[in-house]
Protein chains: 2
Amino acid sequence: MAIVTVPVLSRSERNAMAMQAAGTERPATIHDIAAMCGVAASTVSRALSTPDRVNIRTRARIEAAAAELNYTPNSQAKALSSGRTGAVGVLVPDITNPFYFDLIRGTQLQLKAAGYTQLLVDTEESDEVEASSMEQLRKSADGIIVTASRLSDEALLAAAAKIPIVTINRDVAGVPAVVIDTPSATSQALDHLISLGHTRIAYMAGPLTSQSSTLRWNALAAAAEDRGVEVRRLGPFAPKTQSGAAAADAAVHSGVTACIAFNDLIAIGMLQRLRERGIRVPEDMSVVGCDDIFGADFCNPPLTTMASPIEQAGRVSVSMLLAQLNPLAGGGSRSRSLMPTHLTVRGSTGPAPQSL
Amino acid sequence: MAIVTVPVLSRSERNAMAMQAAGTERPATIHDIAAMCGVAASTVSRALSTPDRVNIRTRARIEAAAAELNYTPNSQAKALSSGRTGAVGVLVPDITNPFYFDLIRGTQLQLKAAGYTQLLVDTEESDEVEASSMEQLRKSADGIIVTASRLSDEALLAAAAKIPIVTINRDVAGVPAVVIDTPSATSQALDHLISLGHTRIAYMAGPLTSQSSTLRWNALAAAAEDRGVEVRRLGPFAPKTQSGAAAADAAVHSGVTACIAFNDLIAIGMLQRLRERGIRVPEDMSVVGCDDIFGADFCNPPLTTMASPIEQAGRVSVSMLLAQLNPLAGGGSRSRSLMPTHLTVRGSTGPAPQSL
DNA sequence: CAATTGATGACAACCGATTGCCAAATGTTG
DNA sequence: CAACATTTGGCAATCGGTTGTCATCAATTG
């Protein structure tokens with residue numbers, strides 16, 4: 001058998017061949033620019049990232065060459081050598097929950113403005129997926145924004161020691177957090193219902209692992225005691241419209257005349273179920289949601305709900321994270337940000353029915 | 001001035017120091033494993049990626065060490081040396097459009113199952129952002145899924161020559177595509193309206209750059225001619241609920257008794273506006289949406305719409321892309337997949353009003 | 001005019017993997 | 001037991017950048 005000796009090719013020769021073969025233009029590298037300008041690759045790197053350390057004329061030549069070759073730095077290589085990835089992970093429990101749409105858009109806009117890439121991960125409401133995603137992101141992201149974390153305080157603290165983290169709606173001492181102040185809005189909602197004459201009220205709780213739900217219930221229970229009305233807790237219910245049916249049935253069975261739901265998804269599901277059962281809203285039953293998500297304004301009847309500045313919360317979380325990443329601007333980077341909320345009254349709440 | 005000589009440190013020494021300083025455990029590398037097992041780093045690499053090329057006992061030792069050190073490969077480094085990033089870019093025109101929620105979830109699930117990471121990018125309905133995102137992704141992703149592309153056929157073809165691409169709802173010869181068959185559903189919708197007695201019908205068009213909107217209109221116009229009814233085209237309207245107001249006013253002014261909207265967002269916006277203006281749906285005006293997005297079932301009245309298998313479309317697009325990336329399984333990887341749709345009749349359509 | 005200083009840019013190591021090549025070790029066969 | 005085929009695993013180059021070190025050269029200063 002004849003042995004064919006394949007000549008060793010230089011890098012550029014191979015690239016040329018590859019281009020020929022694929023008919024594809026290979027992205028330009030700093031080496032191409034260096035060759036074109038007759039300088040070392042490191043000089044090109046400096047010219048583009050530390051312009052002050054390179055002669056202005058050389059820099060101009062390099063910039064011109066870069067523009068001509070349509071050069072874009074390879075983010076992988078950059079990340080590998082510099083240790084910074086230019087990416088931020090955003091963890092959400094459920095991508096299809098409309099609450100996160102605006103949040104994601106907020107983070108996306110702010111991250112893009114700062115030149116970062118967003119890595120969106122759906123943790124499927126699972127603490128295990130959440131933990132493994134964080135471990136994964138630790139190497140492929142510079143920081144992480146975690147929404148409604150299902151992890152324990154200890155696990156979150158441990159993770160925050162390894163990589164900069166900002167939480168949203170999850171307050172743990174030592175971890176910067178953006179907290180949407182729904183507890184105080186919950187009191188507003190309660191007063192709203194009381195002013196309409198309701199005295200028997202239910203809280204349709206969210207998942208047990210949700211800190212938001214717990215805090216909201218605590219605030220509600222305290223306010224109820226203060227006002228001297230009875231509020232009972234029902235649930236827990238999954239934060240999906242499908243759970244609204246069970247929530248509605250539970251509410252009817254408990255004999256209350258008004259409900260405050262953990263979130264709008266449950267509330268909207270309740271509206272559907274109540275309608276099916278012929279129970280009029282708000283004549284027979286008032287319903288209050290939380291978050292003012294997409295759909296809360298056009299459901300039937302339109303939902304009274306606690307409006308949250310969700311997109312803004314996303315933006316603030318990015319700012320806080322970036323402040324951690326680049327501590328240059330010696331500003332007191334706050335470690336906790338409370339977002340105000342307010343009650344938006346629509347058609348799903350009304351005067352309490354006359355007692356029989 | 002005294003000159004302090006700093007001794008040169010080996011890599012491991014520096015790492016040890018860094019660990020001490022930060023109190024942070026540095027992620028293990030194949031070098032750590034190699035040192036622990038007394039083999040070369042390349043052997044570790046082979047043991048983990050090409051198990052057959054390494055002695056089974058050595059492999060066992062390496063795997064044990066890897067487990068003990070909690071080793072995870074650095075994806076950046078992997079990407080750099082292998083050329084594969086293990087990531088797929090998903091481009092959507094507007095993250096806050098509920099249509100994309102299910103799509104994103106579909107791609108996310110399928111990608112995760114295949115061990116890929118999803119890079120989600122919001123192109124803000126802009127062809128420029130879309131083009132630059134694709135150029136960016138070309139180096140940081142193995143392939144791209146583009147939904148409702150705003151690019152020209154030529155631009156898409158050129159991009160597809162550089163990196164594997166699958167489009168969704170955008171059919172260009174030479175680029176694999178998943179197409180949701182809304183045109184045929186549009187004919188169904190027309191027949192539905194005709195059977196209810198409507199003869200003057202409007203199509204509320206989407207963006208001019210949307211191929212879907214054009215195809216749908218073509219199908220509708222052809223069917224209308226075939227059935228001998230009049231369908232006029234109004235718009236274009238942006239695919240947002242806010243545009244529904246203008247659409248509703250235009251429909252009323254044109255004197256039609258039924259509308260087929262480009263998508264559910266416009267349709268839902270129309271429902272709101274018609275209600276404001278005291279025009280009853282469906283008694284005075286019937287409205288048909290498209291996509292059956294979140295909210296179509298609980299708006300007022302519930303929306304008659306063309307239901308699309310959106311999440312499934314996302315999954316199929318991933319499968320088609322992965323087939324391009326790994327052409328091993330010598331299956332005929334189809335280059336075009338048509339997703340069936342059907343009309344879901346709810347409360348927003350009814351008999352045509354008696355002519356005055 | 002000699003000496004100090006600072007700006008500039010080249011060299012080379014390094015980030016953490018993958019992979020072609022080859023030598024050593026092992027197993028098989030005549 | 002020798003000759004050959006086959007594993008096995010180490011060396012080193014490579015991916016595309018960043019960055020520390022240092023030689024060079026020009027400008028400033030005594």
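On a predicted model such as this, the values are computed, not experimentally measured, just so you know. Proteins come first, then strands; the chains are lettered A, B, ... in the order of their sequence lines, and each starts at number 1. Side chains are part of it too, since the values below use all heavy atoms of this structure and drop only hydrogens, waters and symmetry mates.
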Side chains of B:Glu130 and B:Ser149: is there a donor and an acceptor less than 3.5 Å apart?
-> yes

Taking atom types as they are modelled, is there a donor-acceptor pair under 3.5 Å from the base of D:dG10 to the side chain of B:Arg46?
-> yes

Check the distance between D:dC15's P and B:Lys139's NZ and give it to me in whole angstrom.
-> 15 Å

Between the side-chain atoms of A:Arg61 and the base atoms of C:dG9, is any donor-acceptor pair under 3.5 Å?
-> no

Residue B:Thr58, side-chain heavy atoms: nucleotide from D:dT18, D:dC15, D:dG9 that is nearest = D:dG9

Starting from the 5' end of DNA chain C, give me the residue, A:Arg59 or B:Tyr71, whose nearest nucleotide shows up first.
-> A:Arg59

Which part of the nucleic acid, if any, lies within reach of B:Thr50 when heavy atoms closer than 4.0 Å are counted: base, sugar-phosphate only, or nothing?
-> nothing

Short side-chain donor-acceptor distance under 3.5 Å, B:Ser319 and B:Gln110 = yes

From CZ of A:Arg57 across to P of C:dG9 the rounded distance in Å is 10 Å

Nearest to side-chain heavy atoms of B:Ser42, which nucleotide of C:dA17, C:dT19, D:dG9 = C:dT19

Pairwise 5' ranking along DNA chain D for A:Val44 and B:Thr43, keeping only the more 5' one | B:Thr43

Check the distance between C:dA17's P and B:Leu69's CG and give it to me in whole angstrom.
-> 12 Å

In Å, rounded to the nearest 0.5 Å, how long is the span from CD1 of A:Ile104 to CG of B:Asp122?
-> 10.5 Å

Please evaluate the base of D:dG9 for a donor-acceptor partner in the side chain of B:Arg53 within a cut-off of under 3.5 Å?
-> yes

Starting at atom CG of B:Leu80, determine the distance to atom P of D:dT14, rounded to an integer number of angstrom.
-> 14 Å

Closest of C:dG16, D:dG17, C:dG20 to the B:Ala77 side chain is C:dG16

Of the listed nucleotides C:dC15, C:dT18, D:dT18, the one nearest the side chain of B:Ser49 | C:dT18

Can you tell me if the side-chain N/O atoms of B:Ser45 get under 4.0 Å from OP1 or OP2 in C:dT18?
-> yes

Atom-to-atom span, CD of A:Gln76 to P of C:dG16 - whole angstrom = 15 Å

Just checking B:Arg84: base, sugar-phosphate only, or nothing, at a heavy-atom cut-off of under 4.0 Å?
-> sugar-phosphate

Expressed in angstrom and rounded to an integer, what is the separation of B:Lys78 atom NZ from C:dA17 atom P?
-> 8 Å

A:Gln118 side chain to A:Thr107 side chain, donor-acceptor N/O pair below 3.5 angstrom | yes

Residue pair B:Lys139 / A:Thr72, side-chain donor-acceptor N/O under 3.5 Å = yes

Atom NE2 of A:His31 and atom P of D:dG17: how far apart are they, to the nearest Å?
-> 8 Å

Rounded to whole angstrom units, what separation is found between the CD1 atom of A:Ile30 and the P atom of D:dC15?
-> 12 Å

